[in-house]
Every structure is written in structure tokens, then in C-alpha cells.
A.B. asks: 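Below is one structure. I have some questions about it.
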Amino acid sequence: QVQLVESGGGLLQAGGSLRLSCAASGRTFSSYTLGWFRQAPGKEREFVAGISLSGGSTAYADSVKGRFTISRDNAKNTVYLQMNSLESEDTAVYYCAAGYLLSAVVGAWNFWGQGTQVTVSS
């Protein structure tokens with residue numbers, strides 16, 4: 001089991017940057033693949049980025065590639081999402097997820113945080 005708590009969301013203008021953090025409890029943090037998803041009002045939850053156990057492999061949705069960067073610090077039990085050049089279309093609740101596969105499929109992930117709101121004004 002792992003508990004995930006996101007932080008760092010907020011309101012900002014288009015073009016700005018924000019870094020989300022997700023702190024995990026539990027001694028087996030380094031055993032999980034980690035990911036970020038987001039859900040905008042009226043839309044389904046979608047994959048944003050994922051990172052492998054060691055951090056050596058990452059994956060991104062096409063819509064954020066080149067603007068967002070996922071990273072993890074296994075010593076701090078924390079995964080990050082650095083978001084640059086934010087657009088109004090990035091407005092959503094952002095969720096941290098942990099699992100055993102680096103997958104873009106929501107159902108493939110085992111544990112979820114409660115989410116943090118990111119609002120980008122144009």
C-alpha cells in the first residue's frame with residue numbers, strides 16, 4: 001500500500017510555470033512506477049506523464065511533451081511534475097498515481113492521490 005498526497009497547484013496566467021509535488025508514504029516507494037494524470041471539467045481523466053522505478057524511463061502525452069517534465073526522488077519519496085509554458089487547456093485537477101506498469105491507461109494504476117487543482121487563465 002502507498003498513500004499519495006499532491007501539492008503545488010494554483011491559479012496562474014498562461015505562459016507561466018508551476019511545479020507539482022506528490023509525497024508518498026510507505027517504505028516501498030521505489031518499487032512503484034509513478035505517473036501524473038489530469039481531469040478537466042466534463043472530460044475523462046487522461047495520462048500526462050509517467051516515470052519508471054529508477055527514473056531512467058519517462059513517457060509523456062503529446063499535448064505536454066516539451067513543456068512538462070516528470071522526475072522522482074526516491075530518497076524523499078516524492079515525484080514531481082514541472083510544468084512550463086502553461087496554457088489554458090492545461091486547466092484541470094492533477095492526480096498522482098502509483099502502480100506497476102508505465103501505462104497511459106487509467107485502469108492500469110493501483111493507487112491515486114486526491115488531486116490538486118491547476119487553473120491557467122488566458
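Bear in mind the structure is a predicted one, so any value in this text is a computation, not a measurement. Position 1 is the first residue of the sequence, and the numbers go up from there.
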A.B. asks: Side-chain contact, heavy-atom cut-off 4.5 Å: Leu86 with Phe68?
C.D. replies: yes
A.B. asks: Using the ring-ring contact (aromatic ring centres under 6.0 Å, His included) rule, collect all pairs that involve residues 72-104, keeping only residues at least two apart or in two chains.
C.D. replies: Tyr32-Tyr100
A.B. asks: Any idea which heavy atoms bring Gln1 and Phe111 closest together, and the distance?
C.D. replies: OE1-CE2, 3.3 Å
A.B. asks: Which pair of non-hydrogen atoms, one from Arg45 and one from Val106, has the smallest distance, and what is that distance?
C.D. replies: O-CG2, 3.6 Å
A.B. asks: If I compare all heavy atoms of Gly10 with all of Leu18, which pair ends up nearest, and what's the gap?
C.D. replies: N-CD2, 3.9 Å
A.B. asks: Does Phe37 have any ring-ring contact (aromatic ring centres under 6.0 Å, His included) partners at least two apart in sequence or in another chain, and if so, which?
C.D. replies: Phe47, Trp109, Trp112
A.B. asks: Are there over 12 heavy-atom neighbours, none belonging to Lys65, within less than 6.0 Å of that residue's NZ?
C.D. replies: yes
A.B. asks: Quick check: do Thr69 and Leu81 have side-chain heavy atoms less than 4.5 Å from each other?
C.D. replies: no
A.B. asks: Is it true that the side chains of Gln3 and Ser25 contain a donor and an acceptor less than 3.5 Å apart?
C.D. replies: yes
A.B. asks: Drop me the distance from Leu11's CG to Gln117's CD, to the nearest 0.5 angstrom.
C.D. replies: 9.5 Å
A.B. asks: So, does Gln39 use its side chain to make a donor-acceptor pair with the main chain of Ala92 at under 3.5 Å?
C.D. replies: no
A.B. asks: Can you find a heavy atom in the side chain of Val120 that is under 4.5 Å from one in the side chain of Leu12?
C.D. replies: yes
A.B. asks: Looking at Cys96, Cys22, Ser21, which one forms a side chain to side chain contact (heavy atoms under 4.5 Å, CB included) with Ser7?
C.D. replies: Ser21
A.B. asks: At what distance, to the nearest 0.5 angstrom, does CD1 of Ile70 lie from CD of Gln82?
C.D. replies: 12.0 Å
A.B. asks: How far apart are the closest heavy atoms of Ser17 and Ser85, and which atoms are they?
C.D. replies: OG-N, 4.3 Å
A.B. asks: Which heavy atom of Ala98 sits nearest a heavy atom of Leu4, and at what distance?
C.D. replies: N-CD1, 3.8 Å
A.B. asks: Rounded to the nearest 0.5 Å, how far apart are CZ of Arg72 and CG of Leu34?
C.D. replies: 4.0 Å
A.B. asks: If I compare all heavy atoms of Val93 with all of Gly115, which pair ends up nearest, and what's the gap?
C.D. replies: CG1-CA, 3.8 Å
A.B. asks: Would you verify whether the NZ or CZ of Arg67 falls within 45 degrees of the ring axis of Tyr60 while also being under 6.0 Å from that six-membered ring's centre?
C.D. replies: no
A.B. asks: CG of Asn74 to OG1 of Thr28: how many Å apart, nearest 0.5 Å?
C.D. replies: 11.0 Å
A.B. asks: Would you check if Thr33 and Leu101 make a side-chain contact, meaning some heavy-atom pair closer than 4.5 Å?
C.D. replies: no
A.B. asks: Are side-chain heavy atoms of Leu20 and Met83 found at a separation under 4.5 Å?
C.D. replies: yes
